[in-house]
Amino acid sequence: MIVVREIGALRENVHERRSVDRQKVAFVPTMGNLHAGHLALVRTARELAPITIVSIYVNPLQFGANEDLDSYPRTLQEDLTELEALDTDIVFVPDDATMYPRGLADQTKVEVPILSSILCGEHRPGHFVGVATIVNRLFNLVQPDVALFGKKDYQQLTIIRRMASDLGMPLEVVGVDTIREPDGLAMSSRNRYLTAKQRAIAPGLYGTLRETKDDLEIRHTDATTAEADGCQKLKDRGFSPDYFSVRTRDALTHPGTGDRSLVVLAAARLGKARLIDNIKVDLD
Ligand code: PAF
C-alpha cells in the first residue's frame, strides 16, 4: 500500500498502476475515522476493480460555521492499518493547501441545484456544494472508473450520481448498503458523540423508519400521515428531528399517486450528534 500526500505523486502512482493492462480503478472517498461501513465500501471496491484507491480528507468546505469541523475525529494511523489489512493499493491523504490552493472562498464550486437545497441541504446550507466540489476535484485527480459511496448518505449519493450524469463524467457511481450495529443503528463516525443514554435511544431512528415502512407498505398509510406520525414518534423517543420525509427514490421529490419506489429519509439530533438514516419502500 502506498500513501501519497501530493497530487503529483498521486497521478504518478495511478498512472503507473493503470498502465499495466489498462487496469480499472475503484475509488472510495472518505473523511477518515474508518468504521465497518467504510470497510464495506473498500471491500466492494476490491471486488469491482483490480486497483483500489481511498482518499482521507476532512473537507472544510462541507462544514457549516457552527458544525463539528474541529472536533471531527481524526484517526489516521488506525485508518491506514485497516486499509493495509484490506490490501488497498493507494491512499491519498492531502492537506488543505493541496485541495484548496487558493483558499475556500476562491475555489470554483460545483452546485447540483434543487437536490442540494432540500432535506439535509435545508438544514445545512452550503453542505452539498462542499461535497460536490470536493468529490468533483477528487474524481479529476484520481480519474476512477468506479466510485463508491454509502447508502446511509442517500441524498449525497443521489447528488453525486446527478453531478456525474450532468457533467458527463466517465465513471460509474455505486451505492453500497448501510452497515448497522446489531441493534440497528447505522454506523457513523458521529455516533461517538453520543452519551451512553443517547446511545440507548439512537436505534429508535432506524426503528421508526422500519415502522413507517410497514405503515406505507402494509397499512397503505398516505405519505403525509406517515411523515407526521414518524416525526412525532422520534420526538416521543427523545430525538429533535430536523426532518422525516417520504420521497421518490430517484429524484427525491414528494411522491404522487403513481410513484411506487420510495425512500423515507430522516435526520434527527440527539445531544451533540446529528444522525441521519433512510429506508427503501416499495408500494407494489
Ligand atoms: O461521505 C463522506 O465521508 C464525505 O461527504 C465525502 C464523500 C468523503 C466528501 O468529503
Side-chain angles (χ1 to χ4, degrees), residues 7 10 25-42 44-45 52-64 67-76 78-80 82-83 88 90-96 98-100 104 107-112 115-116 119-121 123-142 144 146-164 167 169 171-179 186-193 265 267 273-278:
I7 290 172
L10 172 72
V25 170
F27 176 47
V28 181
T30 80
M31 299 207 299
N33 191 237
L34 305 182
H35 52 64
H38 296 109
L39 303 182
L41 295 175
V42 179
T44 310
T52 301
I53 304 183
V54 176
S55 65
I56 297 180
Y57 177 60
V58 182
N59 170 35
L61 197 59
Q62 69 188 75
F63 287 79
E67 292 184 355
D68 56 344
L69 174 63
D70 293 335
S71 56
Y72 196 85
R74 289 157 172 90
T75 51
L76 184 60
E78 290 92 322
D79 294 349
L80 294 178
E82 300 274 18
L83 293 174
T88 306
I90 300 173
V91 187
F92 181 43
V93 191
D95 62 11
D96 291 342
T98 302
M99 292 316 281
Y100 297 110
L104 297 188
Q107 171 67 36
T108 299
K109 311 278 187 329
V110 178
E111 181 174 0
V112 177
L115 279 176
S116 296
L119 303 167
C120 279
H123 295 268
R124 302 184 68 189
H127 169 67
F128 288 117
V129 169
V131 170
T133 299
I134 198 67
V135 171
N136 175 64
R137 183 152 164 74
L138 287 164
F139 281 178
N140 284 330
L141 299 176
V142 173
V146 189
L148 298 96
F149 297 86
K151 289 188 189 167
K152 190 197 66 122
D153 299 300
Y154 192 85
Q155 188 177 4
Q156 168 173 284
L157 173 63
T158 307
I159 286 171
I160 290 164
R161 278 194 207 287
R162 179 70 64 81
M163 172 183 80
L167 299 182
M169 295 175 166
L171 56 86
E172 189 191 344
V173 176
V174 171
V176 175
D177 285 342
T178 304
I179 304 291
M187 297 255 181
S188 163
S189 301
R190 290 188 165 105
N191 292 348
R192 63 164 61 194
Y193 299 152
L265 305 105
R274 181 177 184 276
L275 306 179
I276 60 171
D277 206 344
N278 63 83

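Both counts, for ligands and for their atoms, begin at 1 and track the order of listing. The figures here come from the full heavy-atom set of this structure, side chains too, leaving out hydrogens, waters and symmetry mates.
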> Using a 4.0 Å heavy-atom threshold (strictly under), name the region of Ile160 that reaches ligand 1: side chain, backbone, both or neither.
neither
> Under 3.5 Å, is there a donor-acceptor pair between the side chain of Thr178 and the main chain of Lys152?
yes
> Give a yes or no on whether the backbone of His35 and the side-chain of His38 come within a donor-acceptor separation of less than 3.5 Å.
yes
> Give the residue, atom name and distance (to 0.1 Å) of the protein heavy atom nearest atom 9 (C) of ligand 1.
Gln62 OE1, 3.3 Å
> Applying side-chain hydrogen bond (donor to acceptor under 3.5 Å, both in side chains), run through Tyr57 and Asp96 and close with a yes or a no.
CA-CA 9 Å; Tyr57 177 60; Asp96 291 342; 2.6 Å; yes
> Look at atom 3 (O) of ligand 1 and say which protein heavy atom is nearest, naming residue and atom and giving the distance to 0.1 Å.
Met31 CG, 3.6 Å
> Would you check, one step at a time, whether the test side-chain contact (heavy atoms from CB on, under 4.5 Å) holds for Ile276 with Cys120?
CA-CA 9 Å; Ile276 60 171; Cys120 279; 4.0 Å; yes
> Counting N and O atoms only, with roles assigned by atom type, does the side chain of Asn33 sit under 3.5 Å from a partner on the main chain of Thr75, one being a donor and the other an acceptor?
no
> With atoms numbered from 1 as shown, which atoms in ligand 1 lie under 4.0 angstrom from a non-hydrogen atom of Ile134?
9 (C), 10 (O)
> With heavy-atom distances below 4.0 Å as the criterion, list the atoms of ligand 1 near Gln156.
1 (O), 2 (C), 4 (C), 5 (O), 7 (C)
